[in-house]
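Heads up, the thing below is written out as structure tokens.
All of these numbers come straight from a predicted model, not from anything done at the bench. Reminder, nothing fancy here: chain letters follow the sequence lines and each chain counts from 1.
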Amino acid sequence: MNELTHLDARGQAHMVDVGQKEITARTAVASAAIRMQPQTLARIMAGEHPKGDVLATARIAGIMAAKRTADLIPLCHPLMLSKVAVELTPDEALPGIRIEATCRLAGRTGVEMEALTAASVAALTLYDMCKAVDKRMIIDDIKVLEKTGGKSGDWRPFEDQSPATEVLSVAQSVSQSASTVPADVGTSVHVRFFAELREQLQMEACDVPLEALSEPTVAALLNWLVAQASERAALQQQPQLLMAVNQEMVKPMHPLQVGDEVAFFPPVTGG
Amino acid sequence: MSDELCPDNVCPRYVRVQPAPFSVESEMQRLTQGRSDIGATVTFVGYVRDFNERPDVLALTLEHYPAMTEKALHQIIDEAISRWSLNGISVIHRVGKMTPGDPIVLVLVASAHRQAAFEACNFLMDYLKTRAPFWKKEHTASGDYWVSARDSDTQAADRWHAAGAPS
């Protein structure tokens with residue numbers, strides 16, 4: 001159970017084959033903090049730093065870093081993230097900035113390394129942005145706050161200890177080509193793509209808010225997906241596109257409900 | 001990935017989707033052990049060919065839609081049980097990477113009389129090939145491609161509709 005999965009029987013490092021793991025919706029949240037002189041924090045808040053908007057820069061750095069995790073951590077799988085969000089919260093009690101990074105995807109492996117990387121690089125960027133005025137900053141408190149989805153289920157190892165900080169609305173999310181809008185699971189349908197279609201769209205899965213559709217049907221969902229990005233024309237060029245709702249094949253006019261899992265795929269070729 | 005035994009002890013069913021190879025012998029034994037009402041078994045094993053859409057297939061990768069695959073296989077088995085009098089069914093389908101000569105799929109059907117087992121096995125494969133969410137990608141020296149669905153498979157499955165069965 002607690003063996004190191006990145007080591008093989010001879011103790012040598014190897015990349016774990018996750019090809020047979022189930023694809024599930026996975027989220028990880030990681031934190032970091034950077035402590036600084038009170039006046040350094042005050043200058044950040046006042047927007048007086050010589051290098052410009054410190055928080056916005058660190059936030060973008062964190063988002064970009066999450067996308068590069070597999071390049072930095074040797075045995076980490078490259079992942080198709082569907083969402084990365086980095087929140088920066090000034091905390092006068094530290095004094096400094098608290099960082100919280102959230103990564104999400106539908107895939108076979110967890111995203112905590114991406115969340116940790118985002119939080120860490122956001123912290124490093126804050127350091128870089130402020131080092132001209134403060135030489136004694138300390139980066140610490142880098143940890144995984146929460147992980148959901150996957151074999152091990154959901155866990156929040158530090159739940160009792162996380163500081164109740166008021167989050168300023170500096171949160172921002174990105175959607176890569178791998179995703180559509182970041183959506184609240186409570187109002188969305190989960191959409192999955194398989195085989196050639198997944199490769200053509202370069203997308204395994206996404207969440208689509210039901211209210212974005214002209215009507216709650218699979219056909220309307222398909223139209224919406226194609227309208228979002230021109231490269232998704234593949235969805236309509238597939239001559240015999242098959243569709244399933246909650247793992248049952250359906251016709252295009254099949255109605256959709258919040259929480260449904262919708263899948264699009266080409267004709268099957270098993271056996 | 002796990003065995004599922006139908007509560008119906010007249011026609012037990014075993015459905016598995018797995019990367020590992022299977023043993024026809026042990027699956028057959030599982031189906032027939034302790035049974036004296038079985039008069040016939042029919043075994044179908046599908047293998048990876050070294051020629052298909054291109055003549056030099058080096059390997060094949062099978063992708064599937066977990067959760068839906070098992071559901072679809074059970075529905076196909078339900079349909080077979082509603083059409084023929086059967087005493088047991090095993091369907092094992094491999095996924096992941098395989099090379100020519102590797103077995104991909106096993107369908108085992110047991111019945112009191114041979115005709116039901118022959119027909120049900122044929123039916124199960126025809127329906128599996130057109131209704132279960134598996135996709136093959138072939139790897140050749142000149143590149144990889146997704147295998148196209150064949151009209152002949154669709155026609156093979158359609159003839160069971162024409163046979164006028166409950167559905």
Side-chain angles (χ1 to χ4, degrees), chain A residues 15-26 80 106-109 149-151 189-206 218 234-235 237-251 254 259-271, chain B residues 1 17-20 44-49 52-53 60-76 91-97 103-107 122 124-138 144-151 153-154 156-157:
Chain A
M15 193 158 173
V16 179
D17 184 353
V18 296
Q20 306 308 332
K21 290 171 106 175
E22 299 249 323
I23 293 178
T24 57
R26 294 158 183 269
M80 193 83 89
R108 294 187 166 92
T109 177
K151 186 181 67 177
V189 290
H190 188 60
V191 188
R192 300 175 69 175
F193 307 95
F194 289 92
E196 189 167 24
L197 204 55
R198 169 175 49 76
E199 289 186 352
Q200 286 168 341
L201 300 175
Q202 297 188 300
M203 173 162 59
E204 266 185 17
C206 61
V218 179
L235 273 166
Q237 285 155 3
Q238 171 60 245
Q240 290 167 282
L241 182 72
L242 298 178
M243 46 205 88
V245 172
N246 300 328
Q247 298 93 39
E248 302 265 5
M249 297 256 210
V250 296
K251 301 258 187 263
H254 190 88
D260 280 348
E261 179 174 290
V262 186
F264 294 103
F265 43 82
V268 301
T269 56
Chain B
M1 297 273 175
V17 178
Q18 62 184 36
F44 173 86
V45 179
Y47 298 89
V48 182
R49 274 191 311 263
N52 193 31
E53 290 183 17
L60 174 151
T61 303
L62 247 151
E63 176 175 330
H64 77 127
Y65 178 0
M68 181 169 174
T69 316
E70 288 82 355
K71 214 166 165 177
L73 293 175
H74 276 289
Q75 285 165 349
I76 295 166
V91 177
I92 301 177
H93 205 300
R94 292 178 65 193
V95 292
K97 197 157 187 176
I104 306 180
V105 59
L106 170 68
V107 176
N122 206 0
L124 285 164
M125 272 311 296
D126 283 345
Y127 267 41
L128 182 153
K129 284 186 86 83
T130 51
R131 299 194 173 188
F134 293 102
W135 301 274
K136 286 189 187 118
K137 188 181 206 176
E138 289 179 344
D144 302 344
Y145 54 88
W146 290 93
V147 173
S148 313
R150 289 166 185 268
D151 288 342
D153 286 336
T154 313

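Only the side chain of K71(B) comes within less than 4.5 Å of a heavy atom in chain A; its backbone stays farther off. Proximity to chain A (any heavy atom under 4.5 Å) is shown, for A67(B), by both the backbone and the side chain. At a 4.5 Å heavy-atom cutoff, the contact between R131(B) and chain A is made by backbone atoms alone. Proximity to chain B involves both the backbone and the side chain of A195(A), based on heavy atoms less than 4.5 angstrom apart.
The CZ atom of R198(A) lies 4.0 Å from the CD atom of E63(B); values are rounded to the nearest 0.5 Å. Between atom CD of residue E138(B) and atom OG1 of residue T269(A) there is a gap of 8.5 Å, rounded to the nearest 0.5 Å.
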Worked verdict on Q247(A) versus E70(B) for side chain to side chain donor-acceptor pair (under 3.5 Å): CA-CA 10 Å; Q247(A) 298 93 39; E70(B) 288 82 355; over 6 Å; no
What verdict does the side-chain contact (heavy atoms from CB on, under 4.5 Å) test give for K137(B) and E199(A), after you've listed the backbone C-alpha separation in whole Å, the side-chain angles of each residue and the deciding distance to 0.1 Å? CA-CA 12 Å; K137(B) 188 181 206 176; E199(A) 289 186 352; 2.6 Å; yes
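Per-residue counts of heavy-atom pairs under 4.5 Å with chain A were compared for V147(B), V107(B), T154(B); the largest is that of V147(B). Counting heavy-atom pairs closer than 4.5 Å to chain B, the top residue among P267(A), A244(A), G271(A) is G271(A). No other option in Q240(A), E248(A), E261(A) has as many heavy-atom pairs under 4.5 Å with chain B as E248(A).
Applying the 6.0 Å contact sphere to CZ of R49(B) captures more than 12 heavy atoms from other residues, nucleotides or ligands.
Every residue two or more places apart in sequence or in another chain that forms a side-chain contact (heavy atoms from CB on, under 4.5 Å) with N122(B) is listed here: D126(B), R159(B), W160(B). Among residues two or more places apart in sequence or in another chain, the side-chain contact (heavy atoms from CB on, under 4.5 Å) test is passed with L242(A) by M249(A), F265(A), V268(A).
Side-chain contact between W135(B) and E196(A) is absent, with no heavy-atom pair separated by less than 4.5 Å.
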